[in-house]
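In this chain, residues are counted from 1 in sequence order. The figures that follow rest on heavy atoms only: side chains count, while hydrogens, waters and symmetry mates do not.
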Amino acid sequence: MKTLPWALATILAVAGVAVLLRLGFWQLDRLEQRRAFNRRVEAQLEAPVLVLSGDAIPQDLNGMEYRAVEVSGEYDFSEEVALRNQTYLGKPGYRLLTPLVLDGSALAVLVDRGFVPASEYEPGDRETFSEAESARVQGVIRASQAEPDFGGRVDPTPLPGQELLVWSLVDTGRIASQTPYRLLPIFIQQSPPEGQPDFVEQPSSYPVRTRPALELDEGPHLSYAIQWFAFAAVLALGFPIFMLRDLRRVKLENASG
């Protein structure tokens, strides 16, 4: 090798090690974020049931996601909307989001009443799956979904007088713009009846209530971090050995020449 190729190869090797180390530390950051999420969720799962009422609304409801909650009020099915792109045991459909006006208050909270199959539901159908207006709902707090996952669809903010019947996200702020109520900044995922399994193979009726899908493990981040650090170590140790061998080869060629 000549001086310039050696220098270029060294620069590329150092840059490669730096990138691999950065990827390793990024995975460690992701691991710590996952652990922090797990701790927060476990704390909410262990917390006592929160009873929401019009005169007792905590300030940090978004920080209480997955906490058990109970609320009483009146459903307003005339303001019900649906969440698209939902599945249940491989069957496509929607989840019904219905405002529940809290007893003794002008406040309302969106309640995810469960899944209905697309074959049995037409967006805007507010009668087929309605139930008693007066309700005591038990469920878990879920945070508003303002940002979609990568490649997801963002819902538009309804214009005055406009009503969107189907949404891609449970964005309480945007949904509130088309309702006559002041919606709480969270929604409630209604729990299944006591004793019901997580999945009912052949539901006798709809909507089907479900529990949040939670995986409170640490994921693959630690193993990924170890892999990136191992790659960095191989490059950092292997490159000098390669350079020394190549230097010896050049010296031998020059001596023999």
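- Q27 pairs with exactly one of H221, R22, Q227 by the side-chain hydrogen bond (donor to acceptor under 3.5 Å, both in side chains) rule, that one being H221.
- The line from CD1 of I226 to CG of L28 is 8.5 Å long, rounded to the nearest 0.5 Å.
- Nearest heavy-atom pair across F129 and L96 is CB-CD1, 3.8 Å.
- Between R209 and P193, the closest heavy-atom pair is CG-CD, 4.4 Å.
- Residues G24 and A225 share a closest heavy-atom pair of O-CB, 3.5 Å.
- Q189 approaches R211 most closely through the heavy-atom pair NE2-C, 3.5 Å.
- The other members of the hydrophobic cluster of L61, by chain and number, are L50, L52, I57, M64, V69, V71, Y75, F77, L100, L102, L107, V109, V111, V137, I141, L184, I186, I188 (side-chain heavy atoms under 4.5 Å, ILVMFWY only).
- At a threshold of 4.5 Å between side-chain heavy atoms, the hydrophobic network of Ile, Leu, Val, Met, Phe, Trp and Tyr places F25 and V14 in two separate groups.
- No chain of hydrophobic side-chain contacts below 4.5 Å, direct or via other Ile, Leu, Val, Met, Phe, Trp or Tyr residues, connects Y206 to L83.
- In terms of hydrophobic clustering, with Ile, Leu, Val, Met, Phe, Trp and Tyr side chains grouped at heavy-atom distances under 4.5 Å, V234 and V19 are assigned to different clusters.
- Hydrophobic clustering (side-chain heavy atoms under 4.5 Å, transitive across Ile, Leu, Val, Met, Phe, Trp, Tyr) groups L222 together with F231.
- The neighbour count for W228 CH2, taken as heavy atoms of other residues, nucleotides or ligands under 6.0 Å away, does not exceed 12.
- Under a cut-off of 6.0 angstrom, the local environment of CD in E133 is sparse, with at most 12 non-hydrogen atoms contributed by other residues, nucleotides or ligands.
- The shortest side-chain heavy-atom distance between L21 and F229 falls under the 4.5 Å cut-off.
- Not one N or O on the side chain of R67 forms a donor-acceptor pair closer than 3.5 Å with the backbone of A47.
- Taking 4.5 Å as the limit, every side-chain heavy atom of V116 sits out of range of all side-chain heavy atoms of V208.
- Counting only heavy atoms from C-beta outward, the side chains of L23 and Y224 never approach each other to under 4.5 Å.
- Side-chain contact between R136 and E70 is present, with at least one heavy-atom pair separated by less than 4.5 Å.
- Side-chain contact between Y121 and T128 is absent, with no heavy atoms from C-beta onward closer than 4.5 Å.
- Between E80 and the choices R113, R95, R126, the salt bridge (Lys or Arg N to Asp or Glu O under 4.0 Å) rule is met once, by R113.
- Note that CG of L110 and OG1 of T179 are 7.5 Å apart. Values are rounded to the nearest 0.5 Å.
- When side chains are defined from C-beta on, R35 counts as touching E218, because their heavy atoms get closer than 4.5 Å.
- Looking at S168 and R84, their side chains do bring a donor and an acceptor atom within 3.5 Å of each other.
- Between the N38 side chain and the R40 main chain, no donor and acceptor come within less than 3.5 Å of each other.
- Between F37 and L216, some side-chain heavy-atom pair lies under the 4.5 Å cut-off.
- Criterion: ILVMFWY side-chain heavy atoms under 4.5 Å apart, direct or through other members. Under it, Y94 and L165 are part of a common hydrophobic cluster.
- Of the possible donor and acceptor atoms, one in the side chain of S144 sits under 3.5 Å from a partner among the backbone N and O of T172.
- In this structure, V81 and E79 have side chains that are not in contact, with every pair of non-hydrogen atoms separated by 4.5 Å or more.
- Taking CH2 from W167 and CG from L97, the interatomic distance works out to 10.0 Å, rounded to the nearest 0.5 Å.
- Closest of all the heavy-atom pairs between I175 and L169 is CD1-O, 4.3 Å.
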- Task: I would like to know whether D217 and R34 meet salt bridge (charged side-chain N to carboxylate O under 4.0 Å, His left out); could you show each step before the answer?
- Result: CA-CA 8 Å; D217 55 29; R34 184 67 174 262; 2.7 Å; yes

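- For E215, the CD atom is loosely surrounded, since the number of other residues' heavy atoms within 6.0 Å does not exceed 12.
- Note that CD of E42 is 11.5 Å distant from CD of Q44, once rounded to the nearest 0.5 Å.
- A donor-acceptor distance shorter than 3.5 angstrom exists from the side chain of E65 to the backbone of A143, with no hydrogens or angles considered.
- With values rounded to the nearest 0.5 angstrom, S78 atom OG is found 11.5 Å from E127 atom CD.
- The two residues P117 and F115 make their nearest non-hydrogen contact at N-CE2, 3.6 Å.
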